[in-house]
Amino acid sequence: MNVYFDNAATTQLDPEVLKEMMNVLENKHGNPSSIHSYGRQAKAMVEKARKKIATHLNVSPSEIFFTSGGTEADNMAILSTVEDYNIKHIISSQLEHHAVLHSIENLVHKGKVTVSHVALKKDGHIDLADLENQLKKHQSSLVSLMHANNEIGNILPIEEVSELCKKNNAVFHSDTVQSMCHYPLDLQKIKVDFIAASAHKFHGPKGTGFIYINGSRNISPQIHGGGQERNMRGGTENVAGIMGLSKAFETAYKHMKEHAEHIQHRKSHMIHRLETELKDVEFNGDTKGNSLYTVLNVMLPETDDYEMMLMKLDMSGIAASAGSACSSGSNIGSHVIAALGKNIDRRPVIRFSFSKYNTIAEADFCVETLQSFYSSNAKAPVKAKAAN
Ligand SMILES: Cc1ncc(COP(=O)(O)O)c(C=O)c1O
């Protein structure tokens, strides 16, 4: 059985998305910047896609800019805001994706900003009282806090955070890569300045995403070129990718409730079987509270042979993500699990992440594969790499 439980890393392309993209690739090769009919047709498609996304997010199409994905959108929000708003301090968290963490580190390294990390609660949620204190201390700063964590699934109370930022005159960026198209976002209610999205996390193509820039904010581009995206992002538009993104977006919104129930059911089933059938299983993050229904981060029982366990999953056809803090103090390991400060010595940490395509039989097969491993294991240290 082949089981793909790594949907937070990337998802399978929806066949309808592929169909849409193939139609563009085969029949609509115009450059949106050309003024002839081919170009106008391509331009019209890109603008239709922009409008569709804007409508679902309850914003103006002029606030959506297509990018090469989440990383570019995160970089643009952070780097451009620091330059254009003369930001001297960034408030963020240790749980951010590397697209945010490394962008900020780079600015700190160049001496352009200082950074402070918001305190975390035991379950990995942001301590809002600490955020408020930091906002008061560092007025007019940039806040970058992700909406949903890609490793442990915790969800930020984004509306509350946006109010705090507004009250303290801070610019607010939120990486919504993992929550986009899994939860409805009404950007008239959430007072956010920038959000980042990536199509390949919701059954769209890789290398396509977008940034939302609140109309009241004025930032300059990071990529200069032919004036595309209303002078905000140079480079010929990835028309097929944008059409794939738009189709994936539309499909996800149309079936959001039904997919959420389907996926949550698989996740709950897996939690139940792991809890009842394997000794000493723990979950990282707020698994049963405010957490992504797509992500389950499991701390498995101690084992002598961690590498063998990963190999067993892989050889059994199960794709999941290994992410654990490194107990030996080297820098291999997940910064997210490390930030939670858990003692994971000799305990494998695995992220299972689900999609609409997963079945109960797959969850059962996965639990049974783990059971079969634990019925014959020995002890060894845990080392693994951070998840995407
Ligand atoms: C939370 C988060 N932010 C940003 C990214 C980067 O997105 P992309 O792969 O489109 O560059 C990812 C992808 O792993 C992610 O999970």
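Bear in mind the structure is a predicted one, so any value in this text is a computation, not a measurement. Atoms within each ligand, like the ligands themselves, are counted from 1 in listed order.
Between Phe249 and His56, the ring planes lie tilted relative to each other; the angle falls in the 30° to 60° range. Ring pair His255/His259 is tilted by interplanar angle, where 30° to 60° counts as tilted.
At under 3.5 Å, a nitrogen or oxygen of Gly70, whether backbone or side chain, sits near a nitrogen or oxygen of ligand 1. Between Ser68 and ligand 1, no pair of N/O atoms sits closer than 3.5 Å.
Ion pairing between Glu282 and Arg347 holds under the 4.0 Å rule for side-chain N and carboxylate O. With salt bridges taken as basic N to acidic carboxylate O contacts below 4.0 Å, one links Asp14 and Lys356. A salt bridge does not link Glu250 with Lys254: none of the charged nitrogens is closer than 4.0 Å to a carboxylate oxygen. The existence of a salt bridge linking Glu229 and Arg50 is confirmed by a sub-4.0 Å separation between a basic side-chain nitrogen and an acidic carboxylate oxygen. Taking the charged nitrogens against the carboxylate oxygens, Arg217 and Asp193 do have a contact shorter than 4.0 Å, which makes a salt bridge.
Contact annotation for Val177 and ligand 1: only side-chain heavy atoms (C-beta onward) come within less than 4.0 Å of the ligand. Within the 4.0 Å heavy-atom criterion, neither part of Lys206 lies near ligand 1. At a 4.0 Å heavy-atom cut-off, ligand 1 does not touch Asn149 at all.
Screening residues 122-168 for ring pair (Phe, Tyr, Trp, His ring centres under 6.0 Å) gives His89-His138 as the qualifying pairs, with residues at least two apart or on separate chains.
Residue His200 has at least one heavy-atom neighbour below 4.0 Å for each of these atoms of ligand 1: 8 (P), 9 (O), 10 (O). Atoms of ligand 1 found under 4.0 Å from any heavy atom of Gln178 (numbered from 1 in listed order, with element): 1 (C), 15 (C), 16 (O). Every atom of ligand 1 is numbered from 1 in the order shown, and the set under 4.0 Å from a heavy atom of Asp175 is 1 (C), 2 (C), 3 (N), 4 (C). Residue-ligand proximity, Met146 to ligand 1, at heavy-atom distances under 4.0 Å covers atoms 1 (C). For ligand 1, the atoms sitting less than 4.0 Å from at least one non-hydrogen atom of Ser198 are 8 (P), 10 (O), numbered in the order shown with element in parentheses. Each of the following atoms of ligand 1 lies closer than 4.0 Å to a heavy atom of Gly69: 10 (O). Near Thr71, with a cut-off below 4.0 Å to any heavy atom, the atoms of ligand 1 are 6 (C), 7 (O), 8 (P), 11 (O).
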